[in-house]
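One structure below.
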Amino acid sequence: MRDRERTILPLEKRLEMAAKSQASSPEAAAKLVQRLSGVHTAYFFCGSADMNIMEGLTGEFWGCLEKELLHYGGFCHSFRLAIEYDNDFSTAISSETPEEEACGPYRPVWGVRVNNALVLLGLILLDHAKGQMRYRHIYHCTRMTLKQYLDALVDLNFQEDKEADWDRVESFWIWRKSFLKNNDGGWSLKEALASILRRYIAAWQEFDHLDHILRCMGALSCYLEQEEAGRTLPQDEAAGIRRFRKALCQYGSDLEGWELVEQDKRYPDPRGYYFSLACEYPEDVPDPGSRNVAPGTLHSQIFLSERDYSPEALRKLAEKSPSGDLRELLEKSLSREQPVRAMREINTAVTDLYMLFVEPYLRMEEYYYERHLE
């Protein structure tokens, strides 16, 4: 459209429109998605720390992607390869373990590394969406409404003149319908992303709480074994326990001033402290949608561990603890069925991240990638 035919909007109106959506039409929305697909991978990562963490999760597949890895659409293939070759997931589904146990309610939908990589992907995109260390094509794409973004994915991937795997098409439509039922299509993509990550973090805290209790058990057992043997802990173990106990004390105001170092080559008796420490789990993980969260601050804090969270496995670990109170606390946590609900929420969150930001980009035409490489 020529300048003389264009309507010039007031600044306030332009800012209002930009806050709601950067896509003025379905065609504009599709173009924003295409640009995101072609963003150079170097612009995607918010610094070397992000890249190093992601390399540790999916990096073993980067070499075989060669030039594709240079843009976001090609980079998404590393997630597909990670899922196909993930050791945890493939071992579970190929072993003689019954299916209901291999893919049971306490297991992530994919392997732990894949789940964590998808969470990191979401956090990186949210950093861009909040305008922190942003790259313009990613930032503008995340300003679209959720409905615009999903419609653009459909337009780019499922047109009638394209060859399509209709099982995957149907799977996408079923997921899309369910996702929009539980999320407001008028939200910005940024708001939807922040909501997914908030739900994930709330669920993740349930498992981190279990880990917290088990760490208390382990530290107490280690101390008591050495105490009963009448000898001092090796230096490395002693330093590790001191660091752990010091970290725990940060969350218990009643433990202020408690001695944390050796006394005559012996440790202060911790028997009266570990149960209360295990109960006082820290729940101050920052909200991923908060403006006060700096890029990268959550990336190493909210990953799911590779621990087996089935009740049988956790009870076996608990049996080794000398503290009946701690065992009772763990049993109480397991009996409430909260871990089952939490894992279901984690699996929903990572599946949503995959369907929003990975799966659609695996099917886009190659010329989109080449056309928008920068």
Side-chain angles (χ1 to χ4, degrees), residues 33 36-37 39 41 43-47 49-58 72-73 75-80 82-83 86 108-135 137-146 149-150 153 175-176 179-180 182-184 187-205 207-208 285-291 293-304 342-362:
V33 172
L36 173 60
S37 179
V39 166
T41 307
Y43 295 131
F44 170 74
F45 288 111
C46 299
D50 286 340
M51 187 176 69
N52 292 338
I53 296 172
M54 187 66 80
E55 185 175 13
L57 296 169
T58 67
Y72 177 75
F75 170 70
C76 286
H77 286 271
S78 67
F79 289 90
R80 177 182 60 79
I83 289 172
D86 183 271
V109 64
W110 294 301
V112 171
R113 286 192 306 158
V114 176
N115 281 36
N116 290 343
L118 287 165
V119 173
L120 178 58
L121 173 70
L123 289 167
I124 293 173
L125 287 169
L126 186 61
D127 284 342
H128 284 284
K130 291 188 296 183
Q132 297 170 319
M133 300 185 72
R134 74 186 185 214
Y135 181 67
H137 291 331
I138 304 176
Y139 177 76
H140 289 163
C141 189
T142 56
R143 307 304 293 188
M144 280 193 285
T145 65
L146 179 59
Y149 179 74
L150 290 173
L153 296 181
W175 168 83
R176 180 182 183 275
F179 185 70
L180 283 175
N182 298 309
N183 296 273
D184 188 344
W187 284 350
S188 70
L189 191 55
K190 167 193 166 184
E191 291 172 316
L193 180 56
S195 176
I196 292 171
L197 291 169
R198 278 195 294 268
R199 296 199 311 270
Y200 167 86
I201 289 175
W204 165 86
Q205 285 180 314
F207 294 102
D208 195 55
V285 179
D287 184 333
S290 171
R291 294 181 180 180
V293 180
T297 55
L298 294 182
H299 297 181
S300 61
Q301 298 179 32
I302 65 171
F303 287 164
L304 196 65
M343 187 59 80
R344 187 184 304 123
E345 189 72 10
I346 284 174
N347 287 337
T348 298
V350 297
T351 299
D352 289 344
L353 290 171
Y354 181 83
M355 297 300 287
L356 279 170
F357 301 112
V358 177
E359 171 70 12
Y361 296 92
L362 300 179

Closest heavy-atom pair and its distance - [X], [Y]:
| X | Y | answer |
| --- | --- | --- |
| A194 | P288 | O-CG, 4.1 Å |
| L36 | Y72 | O-CB, 3.3 Å |
| L356 | Y361 | O-CE1, 3.9 Å |
| H128 | Y139 | O-CD1, 3.3 Å |
| K130 | G289 | CD-O, 4.5 Å |
| A342 | A203 | O-CB, 3.3 Å |

Can you tell me if R199 and S195 form a side-chain donor-acceptor pair at under 3.5 Å?
yes
Would you mind reporting whether [Y] and [X] have side-chain heavy atoms less than 4.5 Å apart?
| X | Y | answer |
| --- | --- | --- |
| T351 | Y354 | no |
| H77 | L362 | yes |
| F357 | L121 | yes |
| W175 | M355 | yes |
| F179 | I196 | yes |
| L126 | K190 | yes |
| T58 | R113 | no |
| L146 | D184 | no |

Can you list the steps and then say if N347 with W110 is a side chain to side chain contact (heavy atoms under 4.5 Å, CB included)?
CA-CA 8 Å; N347 287 337; W110 294 301; over 6 Å; no
What distance separates [X] [atom1] from [Y] [atom2], expressed to the nearest 0.5 Å?
| X | Y | atom1 | atom2 | result |
| --- | --- | --- | --- | --- |
| H137 | Y43 | NE2 | OH | 9.5 Å |
| M343 | T348 | CE | OG1 | 11.5 Å |
| N183 | D352 | CG | CG | 7.0 Å |
| L189 | L125 | CG | CG | 8.0 Å |
| D287 | I201 | CG | CD1 | 7.0 Å |

Let me see the working for L353 and V358 under side chain to side chain contact (heavy atoms under 4.5 Å, CB included), right down to the final yes or no.
CA-CA 7 Å; L353 290 171; V358 177; over 6 Å; no
Say whether, by atom type as modelled, one donor and one acceptor occur between the side chain of T142 and the main chain of I138 under 3.5 angstrom.
yes
Just by distance, do the side chain of D50 and the backbone of I124 share a donor-acceptor pair under 3.5 Å?
no
Do Y200 and V119 pass the side chain to side chain contact (heavy atoms under 4.5 Å, CB included) test, and can you show the C-alpha distance, the side-chain angles, and the key distance before you say yes or no?
CA-CA 9 Å; Y200 167 86; V119 173; 3.6 Å; yes
So F79 and F75, would you call those rings parallel, tilted or perpendicular, with 30° and 60° as cut-offs?
perpendicular
Trace of the side chain to side chain contact (heavy atoms under 4.5 Å, CB included) decision for I302 with V285
CA-CA 8 Å; I302 65 171; V285 179; 3.9 Å; yes
Compute the centroid of each ring, for W204 and then for F303, and state whether the two points are separated by less than 6.0 Å.
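Here the rings of F303 and W204 have centres that are no less than 6.0 Å from each other.
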